[in-house]
Amino acid sequence: MLRSERGVVLLEVIIALTLLAVSGLSMIAIIASGLESQRQVRSHEREFQTAGRVLAAYALLTRSDLDLRLSRRTVGEFRVDVQRPEPMLYRVGISPGDAPELELLVTVLYRPISP
């Protein structure tokens, strides 16, 4: 091999290693981003499951119990807003405690007036 050819081969090896390093770092960044997204999804899923349990507990309340809870109050890590838009309907909304304007779950409950 000539001296100039060895220099070109060395340059090609350096370029190939640089490209390999850049692509490796890119793959590491993509994997890290995917893991962070997965962590966030699990966190949101746990939050919705817990909110669902709170909503299920409110759905089991009687009319008189719901009347006692009319308003917005804190229940654990959530804000629960109970309203009565109609005489026999109750609207129950569950919001995160740190963002009460964002409702995670909402339901409407029918409770007839007792004779």
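Since the model is a prediction, treat every value here as computed from it, not as a measurement. Start at 1 with the first residue, then count along the sequence. FYI, side chains are in, hydrogens and waters are out, and symmetry mates aren't considered; it's all heavy atoms of this structure.
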### Summary
Value for CD (Glu86) from CZ (Arg84), rounded to nearest 0.5 Å, stands at 10.5 Å
### Side chain to side chain, Arg63 and Ile113, heavy atoms closer than 4.5 Å
yes
### Task
Check the hydrophobic clustering (I, L, V, M, F, W, Y; side-chain heavy atoms under 4.5 Å; chains of links allowed) and say if Val80 and Phe48 are grouped together.
yes
### Query
Shortest non-hydrogen contact from Leu104 to Ala51?
CD1-CB, 4.2 Å
### Message
How long is the straight-line distance from OG of Ser95 back to CG of Leu105, given to the nearest 0.5 Å?
### Response
9.5 Å
### Message
Could you check whether any side-chain heavy atom of Arg72 comes within less than 4.5 Å of a side-chain heavy atom of Pro100, counting everything from C-beta outward?
### Response
yes
### Task
Specify the closest pair of heavy atoms between Val92 and Leu55, including all atoms of both residues, with the distance to one decimal.
CG1-CD1, 3.7 Å
### Task
Determine whether Tyr90 and Leu61 make a side-chain contact, defined as any pair of heavy atoms from C-beta on separated by less than 4.5 Å.
no
### With Val106 via side-chain contact (heavy atoms from CB on, under 4.5 Å) - residues at least two apart
Arg91, Glu103
### Task
Return the set of residues passing side-chain contact (heavy atoms from CB on, under 4.5 Å) with Glu12 (not counting sequence neighbours), or none when no residue passes.
Val8
#### Entry: Contacts of type side chain to side chain donor-acceptor pair (under 3.5 Å), residue Glu45, not counting sequence neighbours
none
#### Entry: Electrostatic pair Arg111:Asp67 at N-O distance under 4.0 angstrom
no
### Query
Measuring from Phe78:CZ to Asp98:CG, what's the distance to the nearest 0.5 Å?
10.0 Å
#### Entry: Residues in side chain to side chain donor-acceptor pair (under 3.5 Å) contact with Thr74, at least two apart in sequence or another chain
Arg79
### Message
Regarding Asp65 and Thr62, do their side chains bring together a donor and an acceptor under 3.5 Å, going by distance alone?
### Response
yes
### Query
Between atom CG of Leu60 and atom CG of Leu66, what is the distance when rounded to the nearest 0.5 Å?
10.0 Å
### Task
With sequence neighbours excluded, tell me which residues meet side chain to side chain donor-acceptor pair (under 3.5 Å) with Arg39.
Glu36
### Task
Could you list the residues that satisfy side chain to side chain donor-acceptor pair (under 3.5 Å) with Glu47, not counting sequence neighbours?
none
### Summary
Shortest non-hydrogen pair, Gln83 vs Leu70, comes out as C-CD2, 3.8 Å
#### Entry: Close side-chain approach of Leu109 and Leu89, heavy atoms under 4.5 Å
no
### Query
Any donor and acceptor pair, going by atom type alone, linking the side chain of Ser33 with main-chain N or O of Ala29 inside 3.5 Å?
no
#### Entry: Reported CG-to-CG distance for the pair Leu20 and Leu25, which is rounded to 0.5 angstrom
9.5 Å
